[in-house]
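What follows is a short report on a single structure.
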Amino acid sequence: TLSLHDALPISKVSYDPVVSREKDELNDYLAEAKLKLTEILNPEDNGAVPSVISNIGFIYYLSSIASAVSNVVGGTINTIPILVGQQVRLNPGMSYTAATGKAIYEFSKASAQAVFSGIATGIYKGAEKIDERFNIQTADFVGKFTTPVHQITQMSAVDQAAHNKFVADGLIDITAAYDQSGLAAAPTTEYNGVMHKIMKVVAAPFHLAERLNREVSAMSAFRASMEKSLGKDGVENLDMANLTPDQQKAFDKAVRDAKDMTYRSQFDYSSTTKPRIFQNPYARVLLTFKQFPQNQIFLLASSFNDSIKKPSEERMKKMTEAQRGKFLEEHDIIAREARARFVGIMGMAGIMAGGTGLFGFSTVASIINAVFNFGRGDDDDEPPFDFELAFVDWATTTFGTGIGTAITRGIPEAVTGLNIGSRVGLNNLIFRDNRKSEDWSGWIQSSMIDLLGPIFGLPVNAARAADLWNQGHGDRAIETVMPALARAPLVAYRYGKEGVKTLQGAPLVEGDLTPFELFGQAIGFAPHRVSETQYYNATVKGQEQDIVKERARLMDMYALTAMSDDLDANDDVLDKIDEFNDKYPDKEIPMKALLKSMKSREKKLEQTEHGLYLDPRLVDLLSRRDYLNR
């Protein structure tokens, strides 16, 4: 076989860095694909322990009805913008407004069809066998409704064919719920096991909610692609039994487009597409709830990058004028679709979860807090700055509670009065907002639990429950260790019986909760006024503690520098104390307090033995076995 060097003179062969880089990248892909194929053909036995831990984590955190409802609400955040992007790509001349209207229409139609036909809830006519359940007689079921509903929700033959294809290929049924609960990876030998059956029941609400999202996304994208290829009349008059080659080609393309849109918006949770690091039995435990954040962040990052990415000048130099024009046209279409996705997802997050639910809100808030508090002046009436608190205060003061809540926490929360925004927002995808931690050690502890996964937070919850039990709060201790499905009703029962109170017995909100608020709490949604009050109290208490800790730190620094005769450092501390007194005159540090603190410290040092200070009233009792002084 002749090589390139044999076919061409040496003088004409040149090194092309672009080709070389692409070759290296291709080799990396091939190497990874080979390792992945080996793993698929020879899967590792997960063992019983990782499976049980995964089951416990799912039951504890995701078994409430609120998780399923939040999944449906949150599903629209990705689905609608991605459908808008598809419309923009299929129709380059279409405006974003027209594309949004078309996407919402297809989304609404598919949603109504899924809900009223019973497909999403698993209501099938006929046998329940796995090989027969794809024969969905939707029209017969929907025919029981009124004619208008029947017309809206009836599936055509082409729709049914596409839906059957999606179900058969696992596009709709392979959900994150089944993946996180361990059902998706369970060997067939366990299908009749007790634990497997229990997990199917527990995971059913979350699974069906995801199934609804995937079905709506797939059917909406399929119809959009078919209509673009054959036209509206062509789709309506399609005879699935006698498809022409062009019609079959259009159908196959629409199925591929629908799969791409569904995987892009709802992600692919099949084991064959996971990174190899996610396949290790114990890595699966660590990363149980990390695949969605990883997918979501990649979706946002790639969409943003594609929306601002400039065309490659290096590639265009090698193109003809016609090729260059086509390349720029395709690049513009990709950029418009990406902008529709990124702006749409952020916009939908703002609608569903408010400004505080936008991706990166906590990071931006932390930066702003650091800047404002670092450069804060000596205004006596100015407390430590907190951006989120200031934002919520501005919105509710300016627009009223209802609109203010919609702006900050999302429209669903403003309408229902239930805490929905925190469940569906894109903020805190990897780390929860730990800005209210009491100290650095608490922040590190919370961050490490977030990094390792919530399953590792279970021992922390157990310790917290033990503390509550020892403090006499048995009911709250039991609530703390209960899984979400049981915990939410127990909290609702306590709220209905004694009201919403703190551990000290002080009322948290005025008046009793309404029956609707108690119902929301029972299924897992805390009432908005309860969660908002808890947020406000934690934030303001944190501000108070910052001032108290700063005061104590300055007093300690003064005592240490004075006792060590470090006059320069002592003068610096006095300057900082003057600044503190100017900022917080009601909490000032007078010289009398400094001298008193010094005397108290000196007295304690005199009463300290081998570094240990004891209450003088207990010294005789506790020092009976002080063998160190013998």
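Every value quoted in this text rests on a predicted model; they were computed, and no experiment measured them.
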Start with the C-alpha distance between Leu300 and Ile345, add both sets of side-chain angles, then the distance that settles side-chain contact (heavy atoms from CB on, under 4.5 Å), and finish with yes or no. CA-CA 8 Å; Leu300 286 168; Ile345 290 172; 3.6 Å; yes
Starting from the C-alpha separation in whole Å, work towards a yes-or-no answer on side-chain contact (heavy atoms from CB on, under 4.5 Å) for Asn461 and Val481. CA-CA 7 Å; Asn461 285 345; Val481 296; 5.8 Å; no
For Ser67 and Ser64, run side chain to side chain donor-acceptor pair (under 3.5 Å): C-alpha distance rounded to whole Å, both residues' side-chain angles, the deciding distance at 0.1 Å, then the answer. CA-CA 6 Å; Ser67 296; Ser64 70; 3.3 Å; yes
Could you walk me through whether Asn428 and Ser362 pass the side chain to side chain donor-acceptor pair (under 3.5 Å) test, one step at a time? CA-CA 7 Å; Asn428 309 321; Ser362 293; 3.1 Å; yes
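When every heavy atom of Gln266 is checked against every heavy atom of Gly75, the shortest pair comes out as NE2-O, 3.7 Å. The two residues Ser422 and Glu413 come nearest to each other via the heavy atoms N-OE1, 4.3 Å.
Counting heavy atoms of neighbouring residues, nucleotides and ligands inside a 6.0 Å radius, atom CD of Glu510 does not exceed 12 of them. By the 6.0 Å contact criterion, CZ on Phe399 is enclosed, its count of non-hydrogen atoms from other residues, nucleotides or ligands being greater than 12. Within a 6.0 Å radius of CG in Leu614, other residues, nucleotides and ligands contribute more than 12 heavy atoms.
Here the side chains of Tyr495 and Asp512 are not in contact, with every heavy-atom distance at 4.5 Å or above. Taking the side chain as every heavy atom from C-beta outward, Phe391 and Ile407 approach each other to under 4.5 Å. Inter-residue side-chain proximity for Arg341 and Asp306 is flagged as met; some heavy-atom pair is nearer than 4.5 Å. When side chains are defined from C-beta on, Leu508 does not count as touching Lys501, because their heavy atoms never get closer than 4.5 Å.
Under the 6.0 Å cut-off for aromatic ring centres, Phe361 and Phe387 qualify, their centroids lying closer than that.
Look at Arg601 and Asp556 and you find a salt bridge, because one of the NZ, NE, NH1 or NH2 atoms lies within 4.0 Å of a carboxylate O, short of that distance. Using a cutoff of 4.0 Å between basic side-chain nitrogens and carboxylate oxygens, Arg529 and Glu532 are not scored as salt-bridged.
Side-chain contact of Gln296 with Asn78: a donor-acceptor pair under 3.5 Å is present, judged by distance alone.
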